[in-house]
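Once you've had a glance at the structure underneath, I'll fire off some questions.
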Amino acid sequence: MNGWIIAAIVVVVLLLLALSVRIVKQYEKGVLFRLGRVIGVREPGLRLIIPVVDVLRQVPLRIVTMPIQSQGIITRDNVSVDVSAVAYFRVVDATKSVVAIENVYSAIDQIAQTTLRKVVGQHTLDETLSETDAINTDIRQILDVTTAEWGVEVTLVELKDIQLPESMKRAMARQAEAEREKRAKIINAEGESQAAAALGDASDTMMAHPLALQLRNLQSLVEIGVDKNTTVVFPAPLMSTIGELGSFLAREAASATPQVPALPEAVVPTPVPAVPRQETPANGGPVPASA
């Protein structure tokens with residue numbers, strides 16, 4: 001009978017010892033409640049508590065990755081987008097995370113969703129796509145203010161995915177194509193301007209050195225002859241060609257005009273001196289000489 005009592009006592013002692021032993025892991029802290037009141041925080045290691053009287057809540061301190069599910073958001077310029085994100089947080093005050101809030105993980109999930117909708121809704125679509133760093137910073141700062149009372153620190157928030165309507169995707173594709181065409185035209189115009197400047201410099205050099213134009217013509221013949229062409233169009237200087245063509249046409253026109261014989265000079269008759277007429281007197285006598 002005594003043996004049974006001793007065995008029962010040993011079993012009870014072992015059971016109480018098992019109930020009083022707690023192991024707090026390296027990445028955890030233990031919040032100790034005694035009769036419902038917090039009496040302290042237990043560091044990692046082997047810890048003993050009073051069974052039934054004490055309750056040890058183990059709180060992990062590692063960084064938690066929490067995905068924020070996709071939210072339908074209307075941006076400031078009235079474009080509907082679906083935005084999802086991911087948040088990283090960790091517990092910095094084990095006592096607050098147990099006492100101040102019932103479920104810290106659910107609370108952070110809900111506040112992160114509402115904050116995401118609020119912050120993205122204050123930006124336009126272009127800002128949402130291009131200024132993601134600023135949006136991430138704003139969301140993290142708002143979450144930090146709220147979660148500080150819960151003993152939680154939000155270390156990082158990142159927008160993970162932004163889904164656009166199909167019509168908006170097509171419009172953005174057309175905009176990007178137009179932007180590329182604009183850049184191509186600008187680059188082409190700059191190339192034409194530089195080429196014109198280079199040609200102007202080359203023409204000035206050729207005007208100063210007329211032999212350079214002949215050398216360039218010979219170089220053109222060499223380049224044309226590489227392909228073994230049977231017909232060679234040899235460029236000639238434009239202004240001299242126009243002058244020679246004008247002279248040729250003038251000569252042809254002059255040769256085609258019929259030659260009209262020149263008229264002989266008119267013969268001017270020699271004036272004959274007038275001879276006074278002699279009148280015969282009525283009596284038949286001689287005519288008196290005039291004085």
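For clarity, every value in this text was computed on a predicted model and none was experimentally measured. Any value given below was found using the heavy atoms of this structure, including those in side chains, with hydrogens, waters and symmetry copies removed.
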Original post:
Counting only N and O atoms by type, is there a donor-acceptor contact under 3.5 Å from the side chain of D144 to the main-chain atoms of V154?
Top reply: yes

Original post:
Between W150 and V91, is a side-chain contact (heavy atoms from CB on, under 4.5 Å) present by the stated rule, with each step listed?
Top reply: CA-CA 9 Å; W150 305 339; V91 176; over 6 Å; no

Original post:
Would R76 and E127 pass as an ion pair if we require N to O under 4.0 Å?
Top reply: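 So R76 pairs with E127 through a salt bridge.
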
**OP:** Please answer whether the main-chain N or O of I142 pairs with a side-chain N or O of T146 as donor and acceptor at a distance below 3.5 Å.
**Re:**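 Answer holds: yes.
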
Subject >> Nearest non-hydrogen partners of G200 and S203, listed with the distance >> reply: O-OG, 2.7 Å

Original post:
Can you check whether Y88's main-chain N or O pairs, donor with acceptor, with T155's side chain at less than 3.5 Å?
Top reply: yes

Subject >> Over all atoms of both residues, closest heavy-atom pair of P44 and K25 >> reply: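 Smallest interatomic distance, heavy atoms only, reads CB-O, 3.2 Å.
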
Original post:
Under 3.5 Å, is there a donor-acceptor pair between the side chain of T147 and the main chain of V152?
Top reply: yes

**OP:** Check the pair R183, E179 against salt bridge (Lys or Arg N to Asp or Glu O under 4.0 Å), reporting the backbone distance first and the verdict last.
**Re:** CA-CA 6 Å; R183 293 177 182 176; E179 183 69 22; 3.6 Å; yes

Subject >> Joint hydrophobic cluster, V38 plus I101, side-chain heavy atoms closer than 4.5 Å >> reply: yes

**OP:** Report yes if the side chains of V86 and I68 come closer than 4.5 Å at any heavy-atom pair, otherwise no.
**Re:** no

Original post:
Hey, is the main chain of L156 close enough, under 3.5 Å, to the side chain of N136 for a donor-acceptor pair?
Top reply: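 Answer holds: no.
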
Original post:
Are I49 and F33 connected, step by step, through hydrophobic side chains (Ile, Leu, Val, Met, Phe, Trp, Tyr) whose heavy atoms are closer than 4.5 Å?
Top reply: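 Each belongs to a different hydrophobic cluster.
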
Subject >> Option passing side-chain contact (heavy atoms from CB on, under 4.5 Å) with I135 (candidates V119, V83, L116, V157) >> reply: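 Of V119, V83, L116, V157, side-chain contact (heavy atoms from CB on, under 4.5 Å) with I135 is met by V119 alone.
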
Original post:
Is it true that a side-chain atom of Q26 and a backbone atom of G45 form a donor plus acceptor pair closer than 3.5 Å?
Top reply: no

Original post:
Would V21 and L46 satisfy side-chain contact (heavy atoms from CB on, under 4.5 Å), going step by step from the backbone distance to the final call?
Top reply: CA-CA 7 Å; V21 174; L46 180 64; 3.2 Å; yes

**OP:** Test F89 against E153 for side-chain contact (heavy atoms from CB on, under 4.5 Å), laying out the working first.
**Re:** CA-CA 6 Å; F89 66 91; E153 178 187 8; over 6 Å; no

Subject >> Exam field: side chain D77 to backbone L125, donor-acceptor pair closer than 3.5 Å >> reply: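 Checked: pair present.
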
Original post:
What do you reckon, is NZ of K160 surrounded by more than 12 foreign heavy atoms closer than 6.0 Å?
Top reply: yes

Subject >> Donor-acceptor contact present, side-chain Q71 to main-chain Q69, <3.5 Å >> reply: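 Looks like yes, one N/O pair under 3.5 Å.
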
Original post:
Just by distance, do the side chain of R47 and the backbone of E43 share a donor-acceptor pair under 3.5 Å?
Top reply: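 Checked: pair present.
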
Original post:
How far does CD of E181 sit from CD1 of I186, to the nearest 0.5 angstrom?
Top reply: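 That separation rounds to 12.0 Å.
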
**OP:** Taking all non-hydrogen atoms of both residues into account, name the closest pair between L19 and R22 and its distance.
**Re:** O-NH1, 2.9 Å

Original post:
How far apart are the C-alpha atoms of R180 and E177, what are their side-chain angles, what is the distance that settles it, and do they pass the salt bridge (Lys or Arg N to Asp or Glu O under 4.0 Å) test?
Top reply: CA-CA 5 Å; R180 292 189 183 94; E177 183 178 358; over 6 Å; no

**OP:** Answer yes or no: does atom CD of E149 have more than 12 heavy-atom neighbours from other residues, nucleotides or ligands under 6.0 Å?
**Re:**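 Not more than 12 within 6.0 Å, no.
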
Original post:
Is Q113 close to K118 at the side-chain level, that is, under 4.5 Å between some pair of heavy atoms?
Top reply: no

**OP:** State, with a plain yes or no, whether a side-chain heavy atom of E28 is found less than 4.5 Å away from one of L61.
**Re:**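 The answer is no, as the side chains (C-beta and beyond) never meet within the 4.5 Å cut-off.
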
Original post:
If you measure from CZ on R140 to CD on E158, what distance do you get to the nearest 0.5 Å?
Top reply: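 CD of E158 is found 10.5 Å from CZ of R140.
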
**OP:** Flag yes if more than 12 heavy atoms outside I74 fall under 6.0 Å of its CD1 atom; otherwise flag no.
**Re:** no

Original post:
Quick check: does any side chain N or O of S106 sit under 3.5 Å from a backbone N or O of N103, one acting as donor and the other as acceptor?
Top reply: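 Side chain of S106 to backbone of N103: no pair is present.
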
**OP:** Could you tell me the separation between the CG atom of L56 and the CD1 atom of I50, rounded to the nearest 0.5 Å?
**Re:**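 That separation rounds to 12.5 Å.
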
Subject >> Nearest-0.5 Å distance that lies between atom CG in L48 and atom CG in L17 >> reply: 7.5 Å

Original post:
Is there a donor in the side chain of E190 and an acceptor in the side chain of N188, or the other way round, less than 3.5 Å apart?
Top reply: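 No, because no side-chain N or O of E190 sits under 3.5 Å from a partner of the opposite role on N188.
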
**OP:** Establish whether I162 and M168 are linked, either directly or via other cluster members, by ILVMFWY side-chain heavy-atom contacts under 4.5 Å.
**Re:**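 Linked within one cluster.
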
Subject >> Contact summary for R90 and R62, nearest pair of heavy atoms >> reply: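 For R90 and R62, the tightest heavy-atom pair comes out as CB-O, 3.9 Å.
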
**OP:** Show the numbers, then the answer: is there a side-chain hydrogen bond (donor to acceptor under 3.5 Å, both in side chains) between D126 and T124?
**Re:** CA-CA 6 Å; D126 291 339; T124 63; 5.5 Å; no

Subject >> For V59, the option from V24, V31, T95, V104 that meets side-chain contact (heavy atoms from CB on, under 4.5 Å) >> reply: V31

Subject >> Within one Ile-Leu-Val-Met-Phe-Trp-Tyr cluster: V120 and M172, side-chain cutoff 4.5 Å >> reply: yes

**OP:** To the nearest 0.5 angstrom, please state how far the OG atom of S84 sits from the CG atom of D161.
**Re:**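 The OG atom of S84 sits 4.5 Å away from the CG atom of D161.
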
Original post:
Could you state the interatomic distance from CZ (R42) to CG (D54), rounded to the nearest 0.5 Å?
Top reply: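 Going from CZ on R42 over to CG on D54, the span is 8.0 Å.
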
**OP:** Treating Ile, Leu, Val, Met, Phe, Trp and Tyr as nodes and any side-chain heavy-atom pair under 4.5 angstrom as an edge, say whether L32 and V99 lie in one connected cluster.
**Re:**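 Different hydrophobic clusters.
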
Original post:
Please walk me through it: do T75 and V81 pass side-chain contact (heavy atoms from CB on, under 4.5 Å)?
Top reply: CA-CA 7 Å; T75 60; V81 295; 4.0 Å; yes

